[in-house]
Structure formats: structure tokens, C-alpha cells
Protein chains: 2
Amino acid sequence: MLRMNNKNNITIKEVAESAGVSRATVSRVLNDSPVVTPDTRARVQSAMDSLGYRPNYFSQALAKNRSQSIGLLVRSLGGHYFGKLMYSLEEKLTTLGQYCMVSSGHGTYESERKAVDFMLSRRVDAMILYSDCLSDEEIIEINNSGTPVVVLSRYIEQLKDQCIYFDDVKAGYDSTRHLLDNGHRNIATVTGPLHKQDAEDRFLGYKKALEDFDIGFDQDLVVESSFQLEGGKEATKQLLSTGKNFSAIYYGNDEMAVGGLEVLRGAGVRVPEDVSILGFEDIQLCVYLKPNLTTIRVPLAEMAHIAADLAMNLVNNVSSDIALEVQLQLIERESVTRPCNKPEQNKN
Amino acid sequence: MLRMNNKNNITIKEVAESAGVSRATVSRVLNDSPVVTPDTRARVQSAMDSLGYRPNYFSQALAKNRSQSIGLLVRSLGGHYFGKLMYSLEEKLTTLGQYCMVSSGHGTYESERKAVDFMLSRRVDAMILYSDCLSDEEIIEINNSGTPVVVLSRYIEQLKDQCIYFDDVKAGYDSTRHLLDNGHRNIATVTGPLHKQDAEDRFLGYKKALEDFDIGFDQDLVVESSFQLEGGKEATKQLLSTGKNFSAIYYGNDEMAVGGLEVLRGAGVRVPEDVSILGFEDIQLCVYLKPNLTTIRVPLAEMAHIAADLAMNLVNNVSSDIALEVQLQLIERESVTRPCNKPEQNKN
DNA sequence: ACCAGCTGTGAAACCGGTTTCAAATTAGCC
DNA sequence: GGCTAATTTGAAACCGGTTTCACAGCTGGT
């Protein structure tokens with residue numbers, strides 16, 4: 001019924017014979033070598049067309065020692081944040097004639113390591129890493145053993161020309177500042193794991209903004225949690241249970257804020273009337289939530305484009321002067337307003 | 001500063017020399033051939049370990065004419081629906097020692113064709129297609145020219161043992177029936193493009209359910225649109241503008257329902273008090289929406305697992321008796337209630 | 001002791017390209 | 001017309017594995 005194993009097995013040999021030239025010449029045509037005569041080129045070209053020739057990727061990769069692939073490590077295959085990153089990167093790399101091999105790290109060390117090893121075994125020409133768990137040393141080691149690495153959203157001093165990052169301290173500062181400018185004075189924050197640089201930096205920005213307004217820093221209004229939805233939920237519950245007064249919460253990312261919103265709503269706290277909330281990342285969900293989530297937008301598409309260009313430069317061993325720091329932008333929506341005059345609800 | 005081109009270039013030759021055997025024997029050890037002596041195997045193994053040998057993927061693929069990769073065509077890399085599909089498939093294929101190469105079709109013919117051609121050029125061992133635009137003939141042609149194909153969410157008679165599908169007519173019927181059972185009698189529907197089989201089938205189910213309740217079918221309550229958010233918005237506007245009476249809308253998928261919800265809300269129509277709505281797919285967004293969206297769940301993870309097994313069977317040319325039809329499930333949430341007694345708002 | 005039958009191993013061909021290097025052709029110039 | 005230089009092409013080595021096939025070394029039966 002179905003014919004197996006009859007893949008289009010036209011090889012360079014058949015093309016060569018059909019065009020009456022050597023395999024070397026066919027290869028030259030394939031690779032746009034400038035030395036072949038227009039006449040020969042045409043003959044070979046038409047032989048290829050009429051035979052339906054398709055070069056064997058593996059032979060090419062083996063002979064050239066180039067895979068024409070870039071590896072991308074993301075935290076997860078699902079979700080809008082990484083979806084957008086993958087989409088932008090694939091789009092860009094495709095125009096550069098590269099394939100984008102994506103592997104998911106699932107947020108665990110084991111899995112990240114496996115994903116990276118797998119991509120190395122498939123001999124990607126370069127890797128773009130959005131890594132949570134790999135140590136700086138490991139990343140440097142990968143880079144130095146021959147597969148150039150571009151690091152996303154993380155700054156490693158020894159690889160400073162290969163990191164694409166933004167200013168997390170500024171993000172924390174601007175967010176908090178936005179709340180302050182809206183008249184909030186009791187501002188809580190739910191941070192990500194503080195041993196992670198980005199979480200810590202945003203927290204530092206938060207503290208700095210409070211200082212600038214001469215507001216004492218209250219440890220009870222700071223809850224450290226995981227960057228996931230559940231983390232946001234738990235942290236928010238904890239915040240509510242302290243009985244402390246606050247009119248705004250600055251969340252370490254949008255996902256946490258979504259979880260927090262659910263908990264707040266469940267506890268009868270109105271957002272933003274009773275409590276304003278603010279996230280980070282600008283995931284697509286933000287605009288579907290009621291209220292729309294005010295947040296800081298991470299320019300993922302831009303980062304992806306820079307990363308692709310940088311990766312290609314590293315592969316081709318040409319140096320570049322691409323700007324590696326990207327700018328964040330506060331997106332004002334509905335979840336932040338001036339604090340109401342009404343007595344707060346969460347005083348119990 | 002950074003050392004280039006010093007990839008781990010240990011080849012089988014070095015290993016062979018170090019272990020004092022031939023390359024053939026090393027290859028045998030690599031491929032778990034049963035013929036090699038335990039003693040020899042150990043010697044080779046330790047040589048590999050101490051040299052840090054990593055076989056060259058391209059050589060292997062070239063020599064074996066097997067890429068150990070399965071290609072997956074999806075509509076988009078972002079979004080929860082395909083994110084989940086990719087995740088489930090990657091998870092399963094990884095356990096089978098296969099890489100899952102994902103390409104996005106962006107919902108256009110051009111792009112789908114390009115994605116498929118690209119995967120063919122990378123010589124995937126099989127392809128799993130979630131295709132909107134490719135014709136049956138094209139898919140059959142791909143399959144018959146040597147790269148076996150598994151078709152997701154679509155039924156092609158000539159490839160009936162390679163299609164994983166569900167009963168769209170039943171989905172349409174059950175959805176409509178659920179609304180009918182809740183007491184709705186004026187039920188509108190927003191369908192996807194009716195030239196697509198799934199959209200048409202669900203519409204057929206809708207009509208059948210109405211017939212079973214002896215309810216006359218009103219063409220004004222049917223709007224055909226695109227499967228996207230915008231499509232849902234436009235169709236809903238059109239529905240409102242007819243001035244017709246309806247207490248429920250059955251949407252062709254969740255995304256359209258989300259768009260519709262926005263429009264309804266904007267028009268002052270309360271959901272579900274004034275109008276109940278119902279979607280299809282069960283994207284993650286459903287539970288974040290207010291009200292939560294009642295919908296039909298497509299068991300993507302299950303489909304992915306079946307697809308992976310089936311693909312492997314096709315590659316290895318073994319026949320299987322896996323069940324290819326999956327069952328859908330209605331998930332009751334908040335967006336459907338019994339119609340209110342109050343006069344409807346959209347009578348203008 | 002001899003031969004048949006196994007078993008483990010190695011030599012060499014092969015997968016389908018690229019690349020080096022030398023040869024063949026053409027062109028340029030006096 | 002003859003010599004050199006530049007251009008185009010082909011033969012063969014190579015990339016790093018797998019696989020076929022032949023052979024050497026054992027085993028065991030008579």
C-alpha cells in the first residue's frame with residue numbers, strides 16, 4: 001500500500017552525470033562558487049531541477065563541519081513569554097538560513113544540562129541560552145570548548161560581549177517609583193528567589209525607590225517566592241495574613257501577579273480600588289485579565305533579533321558592535337490607580 | 001581570549017587506537033552489537049570515557065540514513081494549545097531517543113509548504129502534521145515519497161491508519177446539546193471557515209442537535225469567520241447587529257470566544273446572565289477569564305503520545321493497533337447558565 | 001588429528017557531500 | 001606563433017561514522 005524507503009535519493013553523482021560534469025562542479029554550483037562558468041552553471045542547475053535534486057543535509061554538515069543550526073535553551077515550550085521568544089528567534093534565524101533548535105530546560109538543573117548536552121551532540125553552531133540553573137562557570141566552559149554561546153537576560157562578566165540583558169535594578173526602581181508617584185506609600189513586594197540575580201536586582205531597585213522617598217523599609221512587606229503562578233498565590237496569602245497595611249503589591253513577574261490577583265479577589269480585596277498591583281514581562285495574558293495588568297515590558301522580539309545576529313557573528317568569527325543592553329518600558333494599564341480614600345479591607 | 005574551533009574532536013579513530021581495536025569494533029560497541037566480547041567492550045568503553053568521546057551525529061545519520069528526528073508542523077510556536085502539544089510530544093519523543101524538530105506553519109499555505117520542505121531537507125524520519133492549508137493530495141504525496149506522515153486532528157481516507165482525530169460532529173452536537181439542556185432555545189453559532197472540515201463538522205453537529213429538539217434553524221444566527229481572536233470579535237459584532245434574539249453563542253474555538261466575550265462585554269451584554277457562551281479546545285486562558293469559559297477539551301497530551309508511538313511504528317515499519325480516535329470532554333465552568341427570566345438586552 | 005561450524009574482529013567499501021591540488025583550457029601579450 | 005598567466009574543471013582525498021565480507025581462532029564431534 002504505502003511505498004517505503006523510496007525517498008528522493010538523487011545524489012550529487014546523478015546530477016553530475018546528467019549534466020556531464022564532475023561532482024566537484026555540482027558542489028560548486030550548490031555553494032554559489034564564483035568560478036563556474038555561467039554556461040556550466042545553467043547546465044547543472046537544469047539537471048538539478050529536472051531530477052528534483054535535494055542535497056543531503058548530513059553530508060553537507062559532515063563535510064563542512066557546520067550544522068547551520070543554532071540551539072536555543074528556554075525554560076519551557078509553553079507560555080507566551082517563551083513562545084514569543086521562540087517565534088521571534090525562529091523568524092530571524094530563518095532569514096539567515098539557520099535552523100533554530102529549541103530545547104526546554106524545565107527550570108531544573110538536570111534538565112537544562114541534558115538539553116544543552118543534547119544540542120551539543122547535535123553539533124549546533126552556536127547556542128542561545130536562557131538559563132536559570134547552569135552556573136557561570138559551566139556556561140563559560142561550553143563557550144570555550146568551541147560552541148559559542150549567547151546569554152539571554154543574564155550578565156556574566158567574563159562573557160560580557162555575549163550577554164544580552166536589561167537593567168533589573170532599574171526595572172524594580174521604575175515599578176516602585178510608578179506606584180510611589182501614584183501616591184502609594186505602603187508598598188509590598190513579592191520577589192522571585194533572591195539567589196537569582198534578576199530577582200535580587202529588582203528587589204534592590206524596589207528598596208532604592210523607597211529610600212528616595214524616605215520610606216522606611218518593612219521586612220514584613222517582602223515575600224520571597226517562586227516565579228510561578230503558585231508562588232504568587234502563596235506569597236499573596238502570606239502577605240494578607242500578616243494583617244499589615246498596604247495599598248500596592250509589586251510582583252516579580254506577571255505570572256505571580258496573576259496568581260496574586262486570584263487570591264486577592266478570593267479574599268474580597270478589590271483590584272485596583274483596594275490594592276494596586278504591578279508585574280513584569282508583559283505576557284499576553286495581561287490584557288485579558290480584569291483589570292488589565294500594568295507591567296514592565298521586556299522587548300523579547302528585539303532581544304531575539306540581537307541574539308541571532310550576535311550568534312551568527314560569533315559563528316563567523318567576526319566582531320560586532322551591537323548594543324547588548326535593551327531598554328524596558330512601563331506599560332500603564334488598569335491594575336494601578338491612586339489609593340482610595342476608603343478604609344482598606346485587609347486590616348483584620 | 002576565547003578559543004575557537006577546538007570542539008571536542010575525538011573521533012572513532014582515536015578511540016580505536018587508544019583501545020587497540022579497529023573502528024568497526026568501536027562502532028559495534030556504540031551500537032550495542034551483541035557480538036563483541038565483554039572484555040573488548042569494556043576496553044573500548046573506558047577508552048571512550050577517558051577521551052571524552054562523543055559520536056558525530058552527522059556521520060551517524062549519513063551512514064545509517066536515519067536522522068533520529070521527527071518533524072512536527074504546528075500552526076504557531078506561541079500559544080497554549082500548541083505549546084502543550086509541543087511539550088507533550090517532545091517529552092514522549094525524548095524517551096524514545098528521538099529529537100522533535102518543530103516548525104511553524106503560521107496558518108498560511110506558503111509557510112506550511114516551506115516548513116514541510118525544510119523538515120524534509122533535514123531528513124526527518126517521519127513527520128507529524130497539524131496542517132490547515134496543505135491539501136490531502138500533498139500530504140499523501142509526502143507520505144508516499146518515503147517520509148511517513150502522521151496527521152493530527154484531520155481525517156484523510158487514504159491515510160486512515162495514520163490520522164489521529166476526534167469526532168467534530170459530536171463536539172458540535174454535545175456543545176449545542178449542553179446549551180439546549182440548560183434551557184436555551186435561541187442559540188447562535190460562530191463557526192470557523194466552513195471549507196475546513198473540522199469547522200463544517202462542528203457546524204453539522206450544531207444543526208443536528210437543533211433538529212433533535214425540533215428547533216428551526218435560523219441562518220441569521222450563524223456567522224462564519226476565522227479561527228482567530230479577531231474573527232470572534234467581528235462575528236460577534238455582526239451577530240449583535242442583526243437585532244435577533246439569542247441567549248447563547250457556540251463558538252468554533254476558545255480564541256474566538258475570548259474575542260466574542262470582549263465584544264459582548266463592550267456592548268453591555270452580561271456573560272453568562274444575558275448570553276451564555278461556549279468554546280472549543282480548552283486553552284489555558286479559559287480558567288483565567290471572567291467568567292471561566294465552558295468548553296470542550298481536546299486531549300492534546302494523549303494525541304501527542306499516540307502520534308509519537310505511531311510515528312515510530314511507521315519509521316520501523318511495524319504495524320500497530322493503536323486506537324486513533326480520541327474522546328473529547330465537555331468541561332463545565334461559568335460561562336453557561338440557564339437563561340435568565342429578565343428581558344434580553346440585545347433586542348435593539 | 002581433521003574438518004565443520006561458530007564467533008569475534010578487522011579491512012575496506014560506502015554514505016553524499018566539500019575541498020585541495022594539479023591539469024587543461026583559454027586569454028593576453030610581445 | 002610562442003610563451004606566460006589566468007581561468008575553469010576534474011581526480012582524489014577527506015569528513016566520521018556503519019556495514020559487508022572474509023578470515024583467524026576456537027570449539028566439538030568423529
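Keep in mind that the numbers below use all heavy atoms, side chains included, and drop hydrogens, waters and symmetry copies. The chains referred to below are lettered A, B, ... by the order of the sequence lines, with proteins before strands, and numbering in each begins at 1.
Mapping B/Ala24 and A/Asn31 onto DNA chain C via the closest heavy atom, the residue that lands nearer the 5' end is B/Ala24. If B/Leu62 and B/Pro34 are placed on DNA chain C by their nearest nucleotide, the residue sitting closer to the 5' end is B/Pro34. Position along DNA chain D of the nearest nucleotide to A/Arg43 versus A/Arg23 favours A/Arg43 as the more 5'-ward residue.
Side-chain N or O atoms of B/Ser18 include none that pairs as donor or acceptor with a backbone N or O of B/Glu14 at under 3.5 Å.
Base contact: A/Ser27 has a heavy atom under 4.0 Å from a base atom. As judged by a 4.0 angstrom heavy-atom cut-off over every strand, B/Val36 is placed among residues touching the sugar-phosphate backbone only. Looking at heavy-atom distances under 4.0 Å, A/Val21 makes contact with sugar-phosphate atoms alone, never a base.
First and last contacts of DNA chain C with chain B, using any nucleotide atom under 4.0 Å from a protein heavy atom and ordered 5' to 3', fall at C/dG8 to C/dG16.
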Audit row: B/Arg122, A/Ser69, side chain to side chain donor-acceptor pair (under 3.5 Å) steps and yes/no:
CA-CA 11 Å; B/Arg122 291 288 222 229; A/Ser69 306; 2.9 Å; yes

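Residue A/Asp117 comes nearest to B/Arg54 through the heavy atom pair O-NH1, 3.5 Å, listed as atom of the first residue, atom of the second, then distance.
Looking at B/Leu324 and B/Leu310, their side chains come closer than 4.5 Å, going by heavy atoms from C-beta outward.
Annotation for A/Asp49: atom CG counts as buried by contact number, over 12 foreign heavy atoms lying within 6.0 Å. The local environment of NZ in B/Lys196 is crowded, with over 12 non-hydrogen atoms from other residues, nucleotides or ligands closer than 6.0 Å.
Comparing the start and finish of the helix from C/dA1-D/dT30 to C/dC30-D/dG1, five pairs each, the helix axis swings through 50°, to the nearest 10 degrees.
Using modelled atom types and a 3.5 Å distance limit, the side chains of B/Tyr109 and B/Glu138 yield a donor-acceptor pair.
Residues B/Lys92 and B/Asp309 are paired through a salt bridge, judged by an N-O separation under 4.0 Å between the basic side chain and the carboxylate.
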